[in-house]
Amino acid sequence: MTVLVATTDAEIADCYEVMAELRPHIVRERWVAEARALETDGFRLACRRGAGPVVAVAGYRVSTNLFYGKHLYVDDLVTADTERSKGYGKELLAWLRALAVELDCNAFHLDSGVQRKRAHAFYLRAGM
C-alpha cells in the first residue's frame with residue numbers, strides 16, 4: 001500500500017483531478033489555496049497513487065467533540081472513475097482506519113450523500 005499525506009503544493013495539486021470528480025465545483029486554479037486554507041481547521045489530504053498518477057484521494061481531519069470525543073472524520077473519499085474496483089479505495093479506507101487507531105481515536109466517521117449509491121455499496125462492503 002502506498003498512501004501519502006500530501007504536504008507540498010505539488011502533491012496537493014496532483015490530487016486535483018480525482019478530487020474534482022467528487023467535488024466538481026472546485027476550480028483548479030484555486031485548489032491548492034483552498035486545501036491549504038482548510039489545513040487551519042485540521043484538514044489533511046491523503047492520496048493513493050497507481051503506477052504514476054493519483055488514483056484515490058481522501059480529505060480527513062482529527063478533532064474532538066462532546067459526542068465522539070477524539071475522532072477521525074473523513075470529509076471526502078473518492079477513487080478516479082477509471083480506477084474503481086481495483087482496491088485503491090479499500091486500501092485508502094484501511095489506511096484511514098489504521099490512522100484513527102494509531103492516533104487513539106474513539107470513533108471513525110464519514111458521511112456520504114444518499115444519491116451516491118455506488119459509494120454506499122462500497123462502504124457497506126467495507127463494514128461501515
Side-chain angles (χ1 to χ4, degrees):
M1 178 175 8
T2 309
V3 174
L4 166 78
V5 177
T7 57
T8 69
D9 286 355
E11 291 166 344
I12 293 169
D14 286 348
C15 296
Y16 172 79
E17 293 295 332
V18 178
M19 184 62 82
E21 290 187 28
L22 180 63
R23 309 286 183 218
H25 63 278
I26 297 171
V27 177
R28 180 188 302 277
E29 293 75 21
R30 293 194 306 249
W31 162 239
V32 173
E34 288 178 6
R36 289 285 188 207
L38 291 171
E39 288 176 342
T40 62
D41 290 326
F43 180 81
R44 298 293 177 263
L45 192 61
C47 62
R48 170 65 164 87
R49 290 188 178 274
V54 170
V55 295
V57 174
Y60 68 96
R61 63 188 76 227
V62 175
S63 61
T64 304
N65 63 24
L66 294 175
F67 182 70
Y68 287 119
K70 186 177 181 183
H71 63 280
L72 191 147
Y73 179 79
V74 180
D75 290 38
D76 319 280
L77 179 60
V78 60
T79 299
D81 191 54
T82 59
E83 301 296 326
R84 292 197 178 130
S85 299
K86 296 181 181 179
Y88 298 126
K90 184 177 178 180
E91 287 179 32
L92 194 50
L93 188 59
W95 183 88
L96 289 162
R97 283 177 154 165
L99 180 63
V101 170
E102 177 185 323
L103 296 176
D104 201 29
C105 293
N106 297 320
F108 178 81
H109 183 85
L110 69 88
D111 294 313
S112 181
V114 295
Q115 77 283 4
R116 299 187 65 223
K117 294 186 185 325
R118 287 178 63 194
H120 282 226
F122 165 75
Y123 295 134
L124 287 172
R125 286 191 309 274
M128 300 294 289

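One is the number of the first residue; the rest follow in order along the sequence. Both backbone and side-chain heavy atoms feed into the values below; hydrogens, waters and symmetry mates do not.
Note that CZ of R48 and NZ of K86 are 11.0 Å apart. Values are rounded to the nearest 0.5 Å. The distance from the SG atom of C105 to the CG atom of L96 is 11.0 Å, given to the nearest 0.5 Å. For the atom pair CG (N106) and CG (N65), the distance works out to 10.0 Å, reported to the nearest 0.5 Å. Taking CG of L110 as the reference point, atom CG of L93 lies at 7.0 Å (rounded to 0.5 Å). Distance OG1/T2 to CD/E91: 7.5 Å, rounded to 0.5 Å. Going from atom OG of S85 over to atom NZ of K90 covers 11.5 Å, rounded to the nearest 0.5 Å.
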- Task: List the steps, then state whether side-chain contact (heavy atoms from CB on, under 4.5 Å) holds for E39 with R44.
- Result: CA-CA 6 Å; E39 288 176 342; R44 298 293 177 263; 3.8 Å; yes
- Kindly determine whether L38 and D75 satisfy side-chain contact (heavy atoms from CB on, under 4.5 Å), including the steps that lead there. CA-CA 11 Å; L38 291 171; D75 290 38; 6.0 Å; no
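Listed here is the closest heavy atom pair of D81 and E21: N-OE1, 2.8 Å. A pairwise comparison of heavy atoms in V5 and E11 identifies O-OE1, 3.8 Å as the closest pair.
By the rule that hydrophobic residues join a cluster once side-chain heavy atoms approach within less than 4.5 Å of another member, V18 and F43 end up as members of one cluster. No chain of hydrophobic side-chain contacts below 4.5 Å, direct or via other Ile, Leu, Val, Met, Phe, Trp or Tyr residues, connects V3 to V55. Cluster membership for F108 and Y68, using ILVMFWY side-chain heavy atoms within less than 4.5 angstrom, is not shared.
With contacts defined as side-chain heavy-atom distances shorter than 4.5 Å, the pair Y60/L92 does not qualify.
When only modelled atom types and interatomic distance are considered, S63 and H71 share a side-chain donor-acceptor pair under 3.5 Å.
Screening L45, L77, T79, D76 for a side chain to side chain contact (heavy atoms under 4.5 Å, CB included) involving V57 leaves a single residue, L45.
A salt bridge does not link D104 with K70: none of the charged nitrogens is closer than 4.0 Å to a carboxylate oxygen.
Panel note: side chain E102, backbone A98; no donor-acceptor pair is recorded below 3.5 Å.
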Less than 3.5 Å apart, which donor and acceptor atoms pair up between the side chains of residues 24-32 and the rest of the protein, not counting sequence neighbours?
unit_1	atom_1	unit_2	atom_2	d
R28	NH1	E17	OE2	3.0
R28	NH2	E17	OE2	2.1
W31	NE1	I12	O	2.7

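A search for ring pair (Phe, Tyr, Trp, His ring centres under 6.0 Å) contacts involving Y73 returns H109, not counting sequence neighbours.
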